[in-house]
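Reminder, nothing fancy here: chain letters follow the sequence lines and each chain counts from 1.
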Protein chains: 4
Amino acid sequence: METRFRVSRKALEKEARKQDILDAAARLFSQRDFHEVTVDQIAAEVGLSKGTVYLYFRNKDDLFHAIVVQKGQSLLRKTRESLQCAGDFVDCLREFVRAHCGFFEENVTYFRITHSEKTRMTAEGKHRLHDYADQLFHAHLAMLMELVERGRSEGVLREEGSLALVKALRGILTAYVFHYAFGQSETPLSEQAEEIVDLFLNGAKRQAP
Amino acid sequence: METRFRVSRKALEKEARKQDILDAAARLFSQRDFHEVTVDQIAAEVGLSKGTVYLYFRNKDDLFHAIVVQKGQSLLRKTRESLQCAGDFVDCLREFVRAHCGFFEENVTYFRITHSEKTRMTAEGKHRLHDYADQLFHAHLAMLMELVERGRSEGVLREEGSLALVKALRGILTAYVFHYAFGQSETPLSEQAEEIVDLFLNGAKRQAP
Amino acid sequence: METRFRVSRKALEKEARKQDILDAAARLFSQRDFHEVTVDQIAAEVGLSKGTVYLYFRNKDDLFHAIVVQKGQSLLRKTRESLQCAGDFVDCLREFVRAHCGFFEENVTYFRITHSEKTRMTAEGKHRLHDYADQLFHAHLAMLMELVERGRSEGVLREEGSLALVKALRGILTAYVFHYAFGQSETPLSEQAEEIVDLFLNGAKRQAP
Amino acid sequence: METRFRVSRKALEKEARKQDILDAAARLFSQRDFHEVTVDQIAAEVGLSKGTVYLYFRNKDDLFHAIVVQKGQSLLRKTRESLQCAGDFVDCLREFVRAHCGFFEENVTYFRITHSEKTRMTAEGKHRLHDYADQLFHAHLAMLMELVERGRSEGVLREEGSLALVKALRGILTAYVFHYAFGQSETPLSEQAEEIVDLFLNGAKRQAP
DNA sequence: CATGAATGAGCGTTCATTCAT
DNA sequence: AATGAATGAACGCTCATTCAT
């Protein structure tokens with residue numbers, strides 16, 4: 001039992017170390033391009049030796065993808081939870097947007113990563129990202145589709161083209177996160193959730209009195 | 001006169017060659033990251049020698065920025081023209097969206113470039129892009145602001161936060177271009193202009209009867 | 001204690017490796033021009049890979065300057081020591097010339113380097129050499145000045161223009177080293193010290209009986 | 001006859017153009033290293049196209065050597081003439097030193113070139129310089145030898161080692177030119193001829209009263 | 001003769017990756 | 001497990017040289 005305990009403690013330590021590397025790397029990747037961050041810098045950021053990084057990740061690509069996957073999972077989990085809300089579609093949509101905003105508020109630094117990675121992924125036809133990361137991306141899309149479908153079935157959203165609605169929602173969300181992440185200091189992202197929902201649902205037109 | 005003709009022909013040829021390089025490079029930059037495209041590849045793509053590329057551009061960065069600037073100018077010109085329409089705000093908005101869609105329909109390959117470059121630019125605070133490219137970016141933002149202001153002064157758009165409206169419009173536009181550029185074959189982008197305008201103005205809610 | 005020993009041994013080995021590179025590079029720089037020696041050749045000469053050289057020196061310039069500085073220091077040290085002789089001016093002058101000759105006898109290969117570097121340094125006005133190498137050069141000049149002044153104060157040397165005397169001494173010294181370094185095999189340089197001193201002090205004229 | 005005239009005029013023009021290139025190149029080579037001067041720069045300095053330079057010189061090396069040879073010939077001619085003086089050895093020596101100084105005063109810019117080239121030449125064992133330049137170098141040495149021999153046969157110079165005397169003379173001369181060429185503004189070199197002769201003949205010692 | 005566009009070998013430098021300790 | 005020295009492939013860039021016009 002002592003051995004089991006030792007092993008498990010070791011395993012935990014190892015996991016912790018791995019997470020340290022992921023965090024350090026993510027910090028750097030959010031500031032500079034994939035190719036502009038060197039393994040040396042990552043190692044220095046965690047306070048480890050370059051060789052040690054290779055004990056935890058097979059190569060630089062793996063490390064990068066691990067970040068994308070981990071953050072993707074996290075986003076997916078949080079937004080999924082938000083959809084289990086008790087209320088009606090609009091309530092749930094509000095929760096969803098809040099979750100999305102909350103996630104990126106806490107992970108501003110990861111926005112650039114996922115942003116550029118999403119692009120790369122789509123452009124090169126999955127050659128670069130592991131299947132799992134690919135699945136995550138599509139899972140996110142699917143979840144949005146579901147949400148929109150529900151809005152439709154509740155009679156709140158338009159009947160035509162649910163893909164169009166998904167595009168609009170993602171577009172507005174992304175634009176807001178973008179401005180939050182790169183723009184000069186603004187109001188907290190999560191406080192803008194209501195605004196996003198409003199714009200998405202009612203559009204830019206002045207409301208009839 | 002023959003001499004004059006010869007000289008001008010040479011100058012034209014040189015300009016044409018420069019454009020060839022720009023086009024070839026843009027093709028590659030749209031498929032892979034800046035650092036993943038080598039000057040050798042660019043040269044090969046045009047059918048020239050590596051050294052020759054350096055006769056036309058001081059370095060790889062310059063070449064890249066030349067592309068961004070050229071396309072940025074083009075987009076700016078086309079969208080600006082669209083705003084000189086005779087009709088009311090909604091007409092102009094429709095023209096604007098059409099121009100935007102039309103441009104990216106013809107320049108799908110440039111979307112990724114400007115997409116990632118815009119990110120990099122904002123992130124690194126103008127350190128990398130020439131002033132001119134910087135100006136272009138802000139000019140585009142300013143133009144959108146103007147358009148939205150007009151919509152407000154005509155009483156069509158909401159009174160609150162014009163930045164919010166700009167975000168929404170850009171977000172939806174970008175999302176549509178993104179899906180067109182990377183998604184599997186869809187309807188022509190320009191045919192989706194009406195849909196974009198509708199979503200932006202009226203939102204996703206089912207319209208009251 | 002074993003650890004301490006290991007650490008210090010590693011540090012020593014690293015220092016030794018660095019010196020190996022310096023020596024190999026110096027050998028090559030003495031045979032060919034700075035620009036005619038490639039980093040690849042230097043690496044091959046030490047039996048290392050090109051990249052390894054860059055673990056020890058930031059770049060080719062640094063490596064070159066390290067050689068100049070190291071040898072300059074050595075020359076300065078040895079000649080300075082020689083001036084602490086007990087005897088009168090002529091004794092000290094003799095010691096000085098011997099030290100100078102002795103140094104270049106052991107460092108023939110470095111003569112060309114310092115020779116050409118001195119030229120470059122003076123010509124380009126300190127733009128290329130690190131401040132330290134610059135200081136060394138002037139320290140050497142200053143030392144010669146001091147020596148000559150002493151000869152004058154002891155009533156041995158002429159009263160007029162000590163710079164003239166410095167020029168003459170350096171000129172003769174350099175000429176001798178030059179012939180030794182590049183000429184076909186001759187008598188050891190250090191054995192020519194007496195001759196140099198004699199020519200410098202008494203000139204080429206046949207001595208009055 | 002008109003044809004002959006035309007041809008000869010053309011030949012003259014060609015020769016003049018060639019000289020222009022030599023002069024421009026020499027100017028640049030005196031400021032920067034051989035490898036730091038580009039053929040492009042040379043062409044620009046003469047106001048010609050790069051390709052044109054290759055009509056007059058087979059390659060960059062040839063051009064460089066042509067300069068060295070031409071200047072060497074010129075120095076040789078001028079110093080040889082000086083030796084045809086009517087007076088005794090000391091008069092002739094004085095004339096020689098004056099000629100040497102005069103030459104480098106007018107050709108300060110060429111000092112560095114010949115300086116570094118002489119080194120390179122001796123170091124690499126004639127592999128680089130054309131035979132002719134090699135001959136020039138040795139002709140200069142031989143001339144000095146002759147001069148010194150004459151001084152000896154007239155009973156003015158010491159009996160021992162004429163090579164030693166040649167070394168001393170060349171050393172002092174070179175040192176003076178060096179200081180003139182690179183040092184901060186000094187008295188004209190030719191006015192220092194007397195001083196050089198004095199130092200060479202009588203040495204640095206204070207003269208007995 | 002003169003041009004200058006094109007070439008391509010070659011250099012300095014970087015950096016992901018390996019491996020002996 | 002951790003290190004960090006060593007590697008070597010690869011890249012951006014330069015420039016002497018050629019050649020069609």
Side-chain angles (χ1 to χ4, degrees), chain A residues 10 13-14 17 34-44 46-64, chain B residues 6-7 9-10 13-14 17-18 34-43 46-63, chain C residues 6-7 9-10 13-14 17-18 34-43 46-63, chain D residues 10 13-14 17 34-44 46-64:
Chain A
K10 271 209 171 175
E13 266 174 18
K14 185 158 181 175
R17 187 87 94 209
F34 177 78
H35 291 96
E36 284 162 356
V37 173
T38 71
V39 177
D40 257 316
Q41 287 164 0
I42 296 171
V46 224
L48 289 174
S49 168
K50 183 163 44 169
T52 309
V53 172
Y54 281 85
L55 293 178
Y56 293 89
F57 299 93
R58 206 153 35 94
N59 54 37
K60 198 185 168 190
D61 259 36
D62 258 35
L63 171 51
F64 184 76
Chain B
R6 252 231 225 78
V7 166
R9 192 166 56 93
K10 270 214 169 175
E13 265 173 19
K14 191 156 186 184
R17 188 83 93 208
K18 189 167 183 171
F34 178 78
H35 290 98
E36 283 162 354
V37 174
T38 73
V39 177
D40 256 318
Q41 286 165 1
I42 296 172
V46 222
L48 289 174
S49 170
K50 178 166 44 172
T52 309
V53 172
Y54 283 88
L55 292 179
Y56 294 88
F57 299 92
R58 210 151 31 93
N59 52 41
K60 198 185 168 190
D61 258 36
D62 258 35
L63 171 51
Chain C
R6 255 232 222 76
V7 166
R9 191 166 58 93
K10 269 215 170 172
E13 264 174 20
K14 190 154 187 186
R17 188 81 94 211
K18 188 168 184 172
F34 178 78
H35 290 98
E36 282 161 354
V37 173
T38 73
V39 177
D40 255 320
Q41 286 164 1
I42 296 172
V46 223
L48 289 173
S49 168
K50 182 166 40 172
T52 308
V53 172
Y54 283 87
L55 293 179
Y56 293 89
F57 299 93
R58 209 151 32 95
N59 53 38
K60 199 185 168 190
D61 258 36
D62 257 36
L63 171 52
Chain D
K10 272 209 171 177
E13 267 174 17
K14 185 159 183 175
R17 187 85 94 208
F34 178 78
H35 290 96
E36 284 162 354
V37 173
T38 71
V39 177
D40 257 316
Q41 287 165 359
I42 296 171
V46 224
L48 288 175
S49 167
K50 183 164 44 170
T52 310
V53 172
Y54 281 86
L55 293 178
Y56 293 91
F57 299 93
R58 206 152 36 93
N59 54 37
K60 198 185 168 190
D61 259 35
D62 258 36
L63 171 52
F64 184 76

Rounded to the nearest angstrom, tell me the gap between atom [atom1] in [X] and atom [atom2] in [N].
{"X": "C:I42", "N": "E:dC11", "atom1": "CD1", "atom2": "P", "answer": "12 Å"}
{"X": "C:K14", "N": "F:dT3", "atom1": "NZ", "atom2": "P", "answer": "15 Å"}
{"X": "D:L63", "N": "F:dA16", "atom1": "CG", "atom2": "P", "answer": "11 Å"}
{"X": "A:F57", "N": "E:dA16", "atom1": "CZ", "atom2": "P", "answer": "15 Å"}

Output for pair (C:S49 OG, C:D40 CG), nearest 0.5 Å, gives 8.0 Å

Rounded to the nearest 0.5 Å, what separates atom CD1 in D:I42 from atom CZ in D:F57?
9.5 Å

Can you name the nearest heavy-atom pair linking C:N59 to C:Y54, along with the distance?
CA-CE2, 3.8 Å

Hey, are the side chains of D:L55 and D:R17 touching, using non-hydrogen atoms and a 4.5 Å cut-off?
no

Tell me, do B:F34 and B:D61 make a side-chain contact under 4.5 Å, heavy atoms counted?
yes

Spell out, as yes or no, whether a donor-acceptor pair under 3.5 Å connects the side chain of B:T38 to the backbone of B:Q41.
yes

Map every base of DNA chain E to its dot-bracket character, where paired means a Watson-Crick or G-U wobble contact with both distances under 3.5 Å and | marks a partner outside the strand.
.||||||||||||||||||||

Which nucleotides of nucleotides 6-13 of chain F have their base under 4.0 Å from a protein heavy atom (B), which only their sugar-phosphate (S), and which neither (-), written as one string 5' to 3'?
BBB-BSBB

Any residue meeting salt bridge (Lys or Arg N to Asp or Glu O under 4.0 Å) with B:K60, in chain and number order, not counting sequence neighbours
none

